[in-house]
Amino acid sequence: PRRQPPTYNPRELLGFSTVNWLSTLASTGLLWVDTLLLGVFLSSADVGLYNVATRLITMATFVMPAVNSAFAPRIADLHHRGRTESLTRVYAVAASWNVRLTVPIFAVLLAFPGELLSLFGRGFATAAAVTVILAVGKLIAAATGPCGLMLDMSGRPAWSMANNLAGLIANVLLNLWWIPKYGIVGSAAAWALSLTLVNLARILEVWRLMGMLPFDLASLKGVIAGAGGTVVGLLVNRWLGLPLDLVVG
């Protein structure tokens, strides 16, 4: 049989790329605007403390981009072939991998925030509360799975752009409100709350538009194991001192 030549739709491609670009800009702003606002209101020392805490959180989530990138083409393929049941399973599997691969590191961060920060210097331990707040926000994001990718890969990038823009605006407003009152702790709370709201919105949108949720038994097992590990770590932290508590923990 004669092969059909490929067809291209530049307008559709450009439209998707432009919306996705704006969404990425808003997402990047959500990650960095708190640091910029801290520089306006507080000292460079406070900004330094906050940046070290955020780097620890980045270390805990290094597997998430890899997992999400691996599942993205699979999500698009299953959606456009109409394989809803398989897509539901893939959505839950991606979320469970995010949870199970990140929970051990989050358990360490939640149990030993001050000890980990003190490795950078004694003064950095004062940012322990910031580390805990950021870790909780990012752990919630990991547990929601690739909900943003579900919207993008199903041809709904405008929804992702709206979510990210709303999260960015919320983050800016909360930072302007809380930084003067609570300093770096207020900024961390603003970021964690904004990220949580964005991911909750994504979950609800995927559920309403596609009838899918990212939660399954595997994710629940990971959360339970992580909670148990955190409790053990807190007990070790209480009974032992540096550096033995980190090694045993």
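Keep in mind the model is a prediction, meaning the values are calculated, not measured. Start at 1 with the first residue, then count along the sequence.
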*So if you build clusters from Ile, Leu, Val, Met, Phe, Trp, Tyr with side-chain heavy-atom gaps below 4.5 Å, do F124 and Y50 land together?*
yes
_Closest non-hydrogen atom pair between Y91 and V206, with its separation_ = CE2-CG1, 3.7 Å
_Show every side chain to side chain donor-acceptor pair (under 3.5 Å) that has at least one partner inside residues 51-60, sequence neighbours left out._
none
*Near R208 CZ, under 6.0 Å, is it more than 12 heavy atoms from other residues, nucleotides or ligands?*
no
_L42 versus D46, closest heavy-atom pair with distance_ = CB-OD2, 3.6 Å
*CG/L87 to CE/M153 distance, rounded to the nearest 0.5 angstrom?*
12.0 Å
_For A142 versus V99, what's the shortest heavy-atom pair and its separation?_
O-CG2, 4.2 Å
_On a heavy-atom basis, which atom in N68 and which in P146 lie closest, and how many Å separate them?_
OD1-CB, 3.6 Å
*For the residue pair L49 and A127, what are the closest heavy atoms and their distance?*
O-CB, 4.0 Å
*Do V108 and L116 pass the side-chain contact (heavy atoms from CB on, under 4.5 Å) test, and can you show the C-alpha distance, the side-chain angles, and the key distance before you say yes or no?*
CA-CA 9 Å; V108 174; L116 290 171; 4.0 Å; yes
_side-chain contact (heavy atoms from CB on, under 4.5 Å) between F71 and V93, worked out_ = CA-CA 9 Å; F71 279 97; V93 167; 3.8 Å; yes
*Between the main-chain N or O of A111 and the side-chain N or O of N237, is there a donor-acceptor pair closer than 3.5 Å?*
yes
*Taking the side chain as C-beta and beyond, is there a heavy-atom pair between V33 and L168 under 4.5 Å?*
yes
*Distance (rounded to the nearest 0.5 Å) between T144 OG1 and N98 CG*: 8.0 Å
*Mark yes or no for whether S69, through its side chain, and P65, through its backbone, hold a donor-acceptor pair below 3.5 Å.*
yes
_Side chain S86, main chain R83, donor-acceptor under 3.5 Å_ = no
*Would you call D152-R156 a salt bridge at under 4.0 Å N-O?*
no
_Counting only heavy atoms from other residues, nucleotides and ligands, does the tally under 6.0 Å from CH2 of W159 exceed 12?_
no
*Just do the side-chain hydrogen bond (donor to acceptor under 3.5 Å, both in side chains) check on S96 and R100 with the steps written out, would you?*
CA-CA 6 Å; S96 68; R100 287 182 286 176; 3.3 Å; yes
*Should F41 and L176 be marked as a side-chain contact (heavy atoms from CB on, under 4.5 Å) after you check the CA-CA gap, both sets of side-chain angles, and the distance that decides it?*
CA-CA 9 Å; F41 288 100; L176 293 174; 3.8 Å; yes
*How far apart are the closest heavy atoms of P214 and S219, and which atoms are they?*
O-OG, 4.3 Å
*Check step by step if side-chain contact (heavy atoms from CB on, under 4.5 Å) holds for L193 and W178.*
CA-CA 12 Å; L193 180 58; W178 286 344; 3.9 Å; yes
*When rounded to the nearest 0.5 angstrom, what distance separates CZ in R81 from CG in L78?*
6.0 Å
*Any chance you could lay out the side-chain hydrogen bond (donor to acceptor under 3.5 Å, both in side chains) test for S160 and N163, step after step, and finish with the verdict?*
CA-CA 5 Å; S160 289; N163 292 331; 5.2 Å; no
_Nearest 0.5 Å, please: how far is OG in S27 from CG in L22?_
12.5 Å
*asked:* With rounding to the nearest 0.5 angstrom, report the OG1 to CG distance, T61 to L101.
replied: 12.0 Å
*Looking only at atom types and distance, does a side-chain atom of T88 sit under 3.5 Å from a main-chain N or O of T84, one as donor and one as acceptor?*
yes
_Result of checking L195, L197, I203 against N199 for side chain to side chain contact (heavy atoms under 4.5 Å, CB included)_ = L195
*Without swapping roles, check the side chain of N164 against the backbone of G167 for a donor-acceptor pair under 3.5 Å.*
no
*Going by side-chain heavy atoms closer than 4.5 Å, which hydrophobic residues are tied to L173, directly or by a chain of links?*
I169
*Counting N and O atoms only, with roles assigned by atom type, does the side chain of S154 sit under 3.5 Å from a partner on the main chain of M150, one being a donor and the other an acceptor?*
yes
List the atom pairs, with distances to 0.1 Å, where a side-chain N or O of residues 179-192 and a protein N or O form a donor-acceptor pair under 3.5 Å, not counting sequence neighbours.
{"unit_1": "S187", "atom_1": "OG", "unit_2": "N175", "atom_2": "OD1", "d": "2.8"}
{"unit_1": "W191", "atom_1": "NE1", "unit_2": "L30", "atom_2": "O", "d": "3.3"}

*Separation between CD1 of I105 and NZ of K138, rounded to the nearest 0.5 Å*: 13.0 Å
